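Worksheet: the structure to be examined is printed underneath.
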Amino acid sequence: MTLLYSEVEEELRSSVRGLLADRCPPAAVLKRIESEPTDLDLWKTLAGEIGVAGLLIPEELGGAGAGPAEVAVVLEELGRAVAPVPFLTSAVLATQALLPTRDALLGELAEGRRTAALAVSFAASPYAPGRGSSVSVDGEGRLSGTVTGVAGADVADVLLVPVDGELYAAEGATVEVVPSLDLTRPVATVTFARTPARRVGACDVAAVLRFGAGLLASEQLGVAEWCLETTLAYVKERHQFARPVGSFQAIKHRLADLWLDVVRARAAARNAVADASSVSVAVAQSWNAGVAVHAAEEALQLHGGIGMTWEHPVHLYLKRAKATEIALGTPGDHRAALASLVDVPGPGVE
(Lines give C-alpha, C1' and ligand atoms only; values in the text may rest on other atoms or scores of the structure.)
Protein backbone atom coordinates (compact mmCIF):
# COMPACT_ATOMS: atom_id res chain seq x y z
CA MET A 1 0.00 0.00 0.00
CA THR A 2 1.24 3.50 -0.84
CA LEU A 3 -0.16 6.92 -0.09
CA LEU A 4 1.21 8.15 -3.41
CA TYR A 5 -1.00 8.29 -6.47
CA SER A 6 0.09 6.99 -9.85
CA GLU A 7 0.44 9.24 -12.89
CA VAL A 8 -2.72 7.73 -14.39
CA GLU A 9 -4.65 8.39 -11.18
CA GLU A 10 -3.47 12.00 -11.08
CA GLU A 11 -4.46 12.54 -14.71
CA LEU A 12 -7.90 11.13 -13.99
CA ARG A 13 -8.18 13.35 -10.92
CA SER A 14 -7.25 16.41 -12.95
CA SER A 15 -9.88 15.66 -15.59
CA VAL A 16 -12.65 15.06 -13.07
CA ARG A 17 -11.71 18.04 -10.90
CA GLY A 18 -11.57 20.35 -13.89
CA LEU A 19 -14.99 19.29 -15.11
CA LEU A 20 -16.52 19.61 -11.64
CA ALA A 21 -15.00 23.05 -11.12
CA ASP A 22 -16.59 24.20 -14.36
CA ARG A 23 -19.95 22.43 -14.15
CA CYS A 24 -20.50 21.71 -10.46
CA PRO A 25 -19.37 24.58 -8.22
CA PRO A 26 -21.04 24.73 -4.80
CA ALA A 27 -23.35 27.52 -5.96
CA ALA A 28 -24.69 25.32 -8.75
CA VAL A 29 -25.30 22.42 -6.36
CA LEU A 30 -27.15 24.71 -3.94
CA LYS A 31 -29.29 26.09 -6.74
CA ARG A 32 -30.61 22.74 -7.94
CA ILE A 33 -31.10 20.70 -4.75
CA GLU A 34 -34.63 21.93 -4.10
CA SER A 35 -35.87 21.24 -7.61
CA GLU A 36 -33.90 18.48 -9.33
CA PRO A 37 -31.14 17.19 -7.04
CA THR A 38 -29.42 14.79 -9.46
CA ASP A 39 -27.51 16.40 -12.33
CA LEU A 40 -27.99 13.91 -15.16
CA ASP A 41 -26.37 16.20 -17.74
CA LEU A 42 -23.20 16.28 -15.66
CA TRP A 43 -23.42 12.51 -15.23
CA LYS A 44 -23.65 11.99 -18.99
CA THR A 45 -20.53 14.11 -19.47
CA LEU A 46 -18.62 12.26 -16.76
CA ALA A 47 -19.68 8.93 -18.23
CA GLY A 48 -19.38 9.77 -21.91
CA GLU A 49 -16.35 12.07 -22.10
CA ILE A 50 -14.23 10.91 -19.16
CA GLY A 51 -15.50 7.33 -19.00
CA VAL A 52 -16.00 7.07 -15.25
CA ALA A 53 -19.11 4.89 -15.56
CA GLY A 54 -17.11 2.00 -16.97
CA LEU A 55 -14.00 2.08 -14.78
CA LEU A 56 -14.74 -1.26 -13.13
CA ILE A 57 -15.95 -2.95 -16.31
CA PRO A 58 -13.44 -4.98 -18.38
CA GLU A 59 -12.52 -3.70 -21.83
CA GLU A 60 -14.01 -6.74 -23.56
CA LEU A 61 -17.38 -5.81 -22.05
CA GLY A 62 -17.15 -2.19 -23.16
CA GLY A 63 -15.54 -0.65 -20.10
CA ALA A 64 -12.22 0.97 -19.25
CA GLY A 65 -10.69 -2.07 -17.57
CA ALA A 66 -9.45 0.01 -14.64
CA GLY A 67 -9.85 -0.90 -10.99
CA PRO A 68 -10.71 0.27 -7.47
CA ALA A 69 -7.77 2.70 -7.32
CA GLU A 70 -9.14 4.78 -10.19
CA VAL A 71 -12.67 4.56 -8.78
CA ALA A 72 -11.38 5.82 -5.44
CA VAL A 73 -9.81 8.87 -7.06
CA VAL A 74 -13.11 9.74 -8.75
CA LEU A 75 -14.97 9.31 -5.45
CA GLU A 76 -12.53 11.63 -3.71
CA GLU A 77 -13.24 14.34 -6.26
CA LEU A 78 -17.00 13.77 -6.20
CA GLY A 79 -16.86 14.00 -2.41
CA ARG A 80 -14.94 17.29 -2.61
CA ALA A 81 -17.72 18.68 -4.80
CA VAL A 82 -20.67 16.87 -3.15
CA ALA A 83 -21.50 16.20 -6.79
CA PRO A 84 -25.13 15.09 -7.28
CA VAL A 85 -24.42 12.22 -9.69
CA PRO A 86 -25.16 8.47 -9.40
CA PHE A 87 -21.55 7.31 -9.60
CA LEU A 88 -21.46 5.41 -6.30
CA THR A 89 -24.88 3.87 -6.81
CA SER A 90 -24.59 2.92 -10.49
CA ALA A 91 -20.89 2.69 -11.42
CA VAL A 92 -19.80 1.13 -8.13
CA LEU A 93 -22.53 -0.77 -6.24
CA ALA A 94 -24.77 -1.83 -9.13
CA THR A 95 -21.84 -2.52 -11.44
CA GLN A 96 -19.99 -4.57 -8.84
CA ALA A 97 -23.11 -6.70 -8.27
CA LEU A 98 -23.49 -7.25 -12.00
CA LEU A 99 -19.83 -7.93 -12.88
CA PRO A 100 -19.75 -11.67 -12.03
CA THR A 101 -22.69 -12.27 -14.39
CA ARG A 102 -20.97 -10.56 -17.35
CA ASP A 103 -24.45 -9.50 -18.44
CA ALA A 104 -24.86 -7.39 -21.58
CA LEU A 105 -26.24 -4.58 -19.44
CA LEU A 106 -22.67 -3.84 -18.35
CA GLY A 107 -21.87 -2.43 -21.78
CA GLU A 108 -24.78 -0.01 -21.58
CA LEU A 109 -23.77 1.07 -18.09
CA ALA A 110 -20.17 1.61 -19.21
CA GLU A 111 -21.27 3.95 -22.00
CA GLY A 112 -23.57 5.87 -19.71
CA ARG A 113 -26.56 5.07 -21.88
CA ARG A 114 -28.33 3.53 -18.91
CA THR A 115 -28.08 3.92 -15.15
CA ALA A 116 -28.69 1.20 -12.59
CA ALA A 117 -29.25 1.03 -8.86
CA LEU A 118 -28.80 -1.87 -6.49
CA ALA A 119 -32.15 -2.31 -4.74
CA VAL A 120 -30.64 -2.58 -1.27
CA SER A 121 -31.16 -0.13 1.55
CA PHE A 122 -28.35 2.41 1.82
CA ALA A 123 -28.48 1.68 5.56
CA ALA A 124 -27.71 -2.01 5.00
CA SER A 125 -24.22 -3.25 5.79
CA PRO A 126 -21.94 -6.17 4.92
CA TYR A 127 -22.96 -7.60 8.28
CA ALA A 128 -26.72 -7.11 7.78
CA PRO A 129 -27.22 -7.04 3.99
CA GLY A 130 -30.94 -7.69 4.19
CA ARG A 131 -31.73 -4.67 6.35
CA GLY A 132 -34.67 -2.70 4.95
CA SER A 133 -35.59 -5.31 2.33
CA SER A 134 -38.50 -7.73 2.11
CA VAL A 135 -38.62 -8.89 -1.51
CA SER A 136 -39.60 -12.32 -2.81
CA VAL A 137 -39.82 -13.87 -6.26
CA ASP A 138 -42.55 -16.22 -7.45
CA GLY A 139 -42.41 -19.11 -9.90
CA GLU A 140 -43.04 -16.78 -12.82
CA GLY A 141 -40.03 -14.62 -12.00
CA ARG A 142 -42.12 -11.72 -10.67
CA LEU A 143 -40.96 -9.68 -7.70
CA SER A 144 -43.09 -8.61 -4.77
CA GLY A 145 -42.15 -6.61 -1.70
CA THR A 146 -40.51 -3.39 -0.58
CA VAL A 147 -37.01 -2.02 -0.13
CA THR A 148 -36.56 1.18 1.88
CA GLY A 149 -33.84 3.79 1.62
CA VAL A 150 -32.53 2.87 -1.84
CA ALA A 151 -30.01 5.44 -3.07
CA GLY A 152 -30.03 6.24 -6.78
CA ALA A 153 -33.36 4.53 -7.47
CA ASP A 154 -35.01 7.78 -8.53
CA VAL A 155 -32.80 8.12 -11.63
CA ALA A 156 -32.12 4.45 -12.35
CA ASP A 157 -33.24 2.99 -15.67
CA VAL A 158 -33.01 -0.50 -14.23
CA LEU A 159 -33.06 -1.88 -10.70
CA LEU A 160 -30.84 -4.79 -9.74
CA VAL A 161 -32.63 -6.74 -7.04
CA PRO A 162 -30.89 -9.41 -4.94
CA VAL A 163 -33.24 -12.15 -3.72
CA ASP A 164 -32.05 -15.34 -2.00
CA GLY A 165 -28.56 -15.18 -3.49
CA GLU A 166 -29.77 -14.41 -7.02
CA LEU A 167 -29.75 -11.09 -8.86
CA TYR A 168 -32.73 -9.90 -10.90
CA ALA A 169 -33.00 -6.96 -13.28
CA ALA A 170 -36.33 -5.20 -13.06
CA GLU A 171 -38.05 -2.18 -14.55
CA GLY A 172 -41.45 -0.75 -13.77
CA ALA A 173 -41.28 -0.80 -9.97
CA THR A 174 -42.85 2.02 -7.98
CA VAL A 175 -40.19 4.43 -6.77
CA GLU A 176 -41.18 6.97 -4.14
CA VAL A 177 -38.54 9.51 -3.11
CA VAL A 178 -38.56 10.07 0.65
CA PRO A 179 -37.02 12.85 2.77
CA SER A 180 -33.26 12.48 3.08
CA LEU A 181 -30.71 14.30 5.21
CA ASP A 182 -28.32 14.40 2.24
CA LEU A 183 -29.97 16.73 -0.26
CA THR A 184 -27.47 15.73 -2.97
CA ARG A 185 -28.17 11.99 -2.83
CA PRO A 186 -31.90 11.19 -2.71
CA VAL A 187 -33.14 7.89 -1.34
CA ALA A 188 -36.42 6.19 -2.19
CA THR A 189 -38.77 3.43 -1.17
CA VAL A 190 -39.03 0.88 -3.96
CA THR A 191 -42.16 -1.25 -4.16
CA PHE A 192 -42.54 -4.34 -6.34
CA ALA A 193 -46.06 -5.63 -7.05
CA ARG A 194 -45.55 -8.80 -9.07
CA THR A 195 -43.09 -6.81 -11.17
CA PRO A 196 -41.62 -8.76 -14.10
CA ALA A 197 -37.90 -9.39 -13.65
CA ARG A 198 -35.06 -11.09 -15.48
CA ARG A 199 -32.65 -13.32 -13.56
CA VAL A 200 -29.09 -12.34 -14.39
CA GLY A 201 -27.07 -14.58 -12.09
CA ALA A 202 -25.81 -15.18 -8.58
CA CYS A 203 -25.10 -12.31 -6.20
CA ASP A 204 -23.15 -12.10 -2.94
CA VAL A 205 -24.76 -8.97 -1.49
CA ALA A 206 -22.51 -8.85 1.57
CA ALA A 207 -19.40 -8.85 -0.62
CA VAL A 208 -20.82 -6.07 -2.82
CA LEU A 209 -21.64 -3.92 0.21
CA ARG A 210 -18.18 -4.56 1.67
CA PHE A 211 -16.61 -3.45 -1.60
CA GLY A 212 -18.80 -0.34 -1.65
CA ALA A 213 -18.05 0.48 1.98
CA GLY A 214 -14.32 0.34 1.31
CA LEU A 215 -14.63 2.79 -1.56
CA LEU A 216 -17.07 5.02 0.30
CA ALA A 217 -14.14 5.82 2.60
CA SER A 218 -12.55 7.66 -0.34
CA GLU A 219 -15.65 9.80 -0.82
CA GLN A 220 -15.58 10.60 2.90
CA LEU A 221 -11.92 11.54 2.53
CA GLY A 222 -12.84 13.98 -0.24
CA VAL A 223 -15.50 15.60 1.95
CA ALA A 224 -13.02 15.98 4.80
CA GLU A 225 -10.30 17.42 2.53
CA TRP A 226 -12.63 20.09 1.14
CA CYS A 227 -13.76 21.07 4.62
CA LEU A 228 -10.20 21.36 5.88
CA GLU A 229 -8.90 23.31 2.87
CA THR A 230 -11.87 25.67 2.76
CA THR A 231 -11.65 26.38 6.48
CA LEU A 232 -7.90 27.02 6.28
CA ALA A 233 -8.46 29.56 3.50
CA TYR A 234 -11.24 31.25 5.45
CA VAL A 235 -9.39 31.67 8.75
CA LYS A 236 -6.46 33.22 6.88
CA GLU A 237 -8.73 35.88 5.36
CA ARG A 238 -11.17 36.49 8.21
CA HIS A 239 -9.90 39.12 10.65
CA GLN A 240 -10.88 39.63 14.28
CA PHE A 241 -9.24 42.12 16.64
CA ALA A 242 -7.10 43.28 13.70
CA ARG A 243 -5.62 39.80 13.28
CA PRO A 244 -6.39 36.85 11.01
CA VAL A 245 -8.58 34.39 12.91
CA GLY A 246 -6.15 31.65 11.94
CA SER A 247 -3.34 33.31 13.89
CA PHE A 248 -4.96 32.50 17.23
CA GLN A 249 -3.33 29.57 19.00
CA ALA A 250 -6.59 27.74 19.74
CA ILE A 251 -7.58 27.79 16.07
CA LYS A 252 -4.13 26.58 15.02
CA HIS A 253 -4.38 23.63 17.39
CA ARG A 254 -7.85 22.65 16.17
CA LEU A 255 -6.81 22.74 12.52
CA ALA A 256 -3.55 20.92 13.19
CA ASP A 257 -5.47 18.13 14.88
CA LEU A 258 -7.92 18.03 11.99
CA TRP A 259 -5.06 17.85 9.48
CA LEU A 260 -3.69 14.80 11.28
CA ASP A 261 -7.13 13.19 11.23
CA VAL A 262 -7.42 13.75 7.47
CA VAL A 263 -3.94 12.33 6.83
CA ARG A 264 -4.91 9.20 8.75
CA ALA A 265 -8.16 9.05 6.77
CA ARG A 266 -6.17 9.09 3.53
CA ALA A 267 -4.05 6.21 4.77
CA ALA A 268 -7.13 4.21 5.76
CA ALA A 269 -8.89 4.88 2.44
CA ARG A 270 -5.84 4.01 0.37
CA ASN A 271 -5.33 0.82 2.36
CA ALA A 272 -8.95 -0.24 1.76
CA VAL A 273 -8.36 0.21 -1.98
CA ALA A 274 -5.09 -1.74 -2.03
CA ASP A 275 -6.37 -4.50 0.24
CA ALA A 276 -10.15 -4.87 0.12
CA SER A 277 -10.18 -7.37 2.97
CA SER A 278 -12.84 -7.29 5.67
CA VAL A 279 -10.30 -5.94 8.17
CA SER A 280 -9.15 -3.08 5.91
CA VAL A 281 -12.70 -2.06 5.07
CA ALA A 282 -13.77 -2.15 8.71
CA VAL A 283 -10.76 -0.02 9.72
CA ALA A 284 -11.43 2.52 6.95
CA GLN A 285 -15.10 2.95 7.76
CA SER A 286 -14.52 2.95 11.52
CA TRP A 287 -12.25 5.96 11.07
CA ASN A 288 -13.22 7.87 7.93
CA ALA A 289 -16.93 8.19 8.62
CA GLY A 290 -16.24 10.03 11.87
CA VAL A 291 -13.46 12.16 10.38
CA ALA A 292 -15.75 13.43 7.61
CA VAL A 293 -18.37 14.45 10.16
CA HIS A 294 -15.78 16.04 12.45
CA ALA A 295 -14.20 17.99 9.57
CA ALA A 296 -17.59 19.29 8.45
CA GLU A 297 -18.53 20.28 12.01
CA GLU A 298 -15.24 22.14 12.44
CA ALA A 299 -15.75 23.87 9.09
CA LEU A 300 -19.20 25.02 10.10
CA GLN A 301 -18.08 26.31 13.51
CA LEU A 302 -14.90 28.03 12.32
CA HIS A 303 -16.77 29.81 9.54
CA GLY A 304 -18.76 31.52 12.25
CA GLY A 305 -22.13 33.06 11.42
CA ILE A 306 -21.83 32.62 7.66
CA GLY A 307 -21.31 28.90 8.12
CA MET A 308 -24.79 28.65 9.61
CA THR A 309 -26.51 30.11 6.55
CA TRP A 310 -28.21 28.24 3.72
CA GLU A 311 -26.22 30.26 1.18
CA HIS A 312 -22.88 28.82 2.30
CA PRO A 313 -22.30 25.26 1.01
CA VAL A 314 -20.76 23.88 4.20
CA HIS A 315 -24.12 22.48 5.30
CA LEU A 316 -24.16 20.28 2.18
CA TYR A 317 -20.89 18.71 3.30
CA LEU A 318 -22.09 18.19 6.86
CA LYS A 319 -25.25 16.51 5.58
CA ARG A 320 -23.31 14.31 3.15
CA ALA A 321 -20.93 13.34 5.96
CA LYS A 322 -23.74 12.52 8.38
CA ALA A 323 -25.62 10.52 5.75
CA THR A 324 -22.58 8.46 4.77
CA GLU A 325 -21.80 7.87 8.44
CA ILE A 326 -24.80 5.52 8.58
CA ALA A 327 -24.50 4.23 5.01
CA LEU A 328 -23.23 0.71 4.32
CA GLY A 329 -22.70 0.16 8.02
CA THR A 330 -22.26 2.60 10.88
CA PRO A 331 -18.84 3.10 12.50
CA GLY A 332 -20.17 1.02 15.39
CA ASP A 333 -21.07 -1.82 13.02
CA HIS A 334 -17.58 -1.77 11.56
CA ARG A 335 -15.84 -1.53 14.92
CA ALA A 336 -17.80 -4.48 16.24
CA ALA A 337 -16.94 -6.46 13.11
CA LEU A 338 -13.28 -5.47 13.42
CA ALA A 339 -13.18 -6.64 17.02
CA SER A 340 -14.54 -9.99 15.93
CA LEU A 341 -12.20 -10.27 12.93
CA VAL A 342 -9.05 -9.67 14.98
CA ASP A 343 -10.23 -11.64 18.03
CA VAL A 344 -10.61 -8.68 20.35
CA PRO A 345 -13.28 -9.28 23.00
CA GLY A 346 -16.32 -7.15 22.30
CA PRO A 347 -20.08 -7.13 21.91
CA GLY A 348 -19.94 -8.61 18.40
CA VAL A 349 -22.12 -7.69 15.45
CA GLU A 350 -25.86 -7.82 15.80
Side-chain angles (χ1 to χ4, degrees), residues 8-9 11-12 15-16 19 23 38-75 77-78 83-120 137 141 143 150-163 165-173 175 185 190 192 195-205 207-212 214-216 218-219 273 276:
V8 171
E9 291 166 4
E11 289 176 357
L12 177 59
S15 297
V16 174
L19 176 63
R23 297 273 299 276
T38 306
D39 192 340
L40 291 179
D41 288 336
L42 174 61
W43 171 241
K44 289 177 181 177
T45 303
L46 281 165
E49 296 185 12
I50 300 182
V52 302
L55 288 175
L56 289 175
I57 300 173
E59 292 182 14
E60 63 268 22
L61 297 177
E70 290 78 10
V71 171
V73 167
V74 174
L75 281 168
E77 295 307 311
L78 295 179
V85 294
F87 179 76
L88 177 67
T89 53
S90 182
V92 179
L93 292 173
T95 296
Q96 183 66 15
L98 198 59
L99 273 175
T101 71
R102 301 182 70 84
D103 191 84
L105 177 59
L106 287 166
E108 298 180 68
L109 296 181
E111 295 174 5
R113 289 189 286 123
R114 303 189 82 189
T115 302
L118 185 64
V120 173
V137 59
L143 302 175
V150 180
D154 57 316
V155 294
D157 299 306
V158 58
L159 293 170
L160 299 176
V161 191
V163 182
E166 302 290 339
L167 190 66
Y168 296 84
E171 301 177 40
V175 177
R185 180 176 283 149
V190 179
F192 301 96
T195 305
R198 174 176 63 88
R199 180 188 174 279
V200 294
C203 178
D204 184 345
V205 184
V208 173
L209 295 181
R210 185 178 303 111
F211 180 82
L215 286 170
L216 181 61
S218 292
E219 182 185 289
V273 170

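Only this structure's heavy atoms are used, side chains among them; waters, hydrogens and symmetry mates stay out. Predicted model, so just to flag it, every value in this text is computed and none were measured.
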- Message: Using side-chain contact (heavy atoms from CB on, under 4.5 Å), reason through Leu160 and Leu105 one step at a time and then give a plain yes or no.
- Response: CA-CA 11 Å; Leu160 299 176; Leu105 177 59; 4.2 Å; yes
- Message: side-chain contact (heavy atoms from CB on, under 4.5 Å), that's the test. Do Leu215 and Gln96 meet it? Break it down for me.
- Response: CA-CA 12 Å; Leu215 286 170; Gln96 183 66 15; over 6 Å; no
[X] side chain vs [Y] backbone, donor-acceptor pair below 3.5 Å:
X: Asp39; Y: Val85; answer: no
X: Thr38; Y: Pro84; answer: no
X: Glu70; Y: Gly67; answer: yes

Side chains of [X] and [Y]: does their closest heavy-atom pair fall under 4.5 Å?
X: Val74; Y: Ser218; value: no
X: Val137; Y: Val161; value: no
X: Thr95; Y: Phe87; value: no
X: Asp157; Y: Glu108; value: no
X: Glu219; Y: Val92; value: no
X: Leu99; Y: Leu106; value: yes
X: Leu42; Y: Leu19; value: yes
X: Leu12; Y: Ile50; value: yes

- Query: After noting the C-alpha distance and the side-chain angles of Leu159 and Phe192, does the key distance pass the side-chain contact (heavy atoms from CB on, under 4.5 Å) rule?
  - Reply: CA-CA 11 Å; Leu159 293 170; Phe192 301 96; 4.2 Å; yes
Considering all heavy atoms of both residues, which atom of [X] and which atom of [Y] are nearest to each other, and what is their separation?
X: Ala91; Y: Leu56; value: O-CD1, 3.5 Å
X: Ala197; Y: Ala170; value: CB-CB, 4.1 Å
X: Val158; Y: Ala169; value: CG2-CB, 4.0 Å
X: Leu118; Y: Pro162; value: CD1-CD, 4.1 Å
X: Ser90; Y: Ala94; value: O-CB, 3.5 Å
X: Ala53; Y: Ala110; value: CB-O, 3.8 Å

Hey, what do you get for [atom1] ([X]) to [atom2] ([Y]), rounding to the nearest 0.5 Å?
X: Leu98; Y: Arg102; atom1: CG; atom2: CZ; result: 11.0 Å
X: Leu93; Y: Leu209; atom1: CG; atom2: CG; result: 7.0 Å
X: Leu46; Y: Leu78; atom1: CG; atom2: CG; result: 6.5 Å

- Message: side-chain contact (heavy atoms from CB on, under 4.5 Å) for Arg23 and Asp41? Distances and angles first, verdict last.
- Response: CA-CA 10 Å; Arg23 297 273 299 276; Asp41 288 336; 4.0 Å; yes
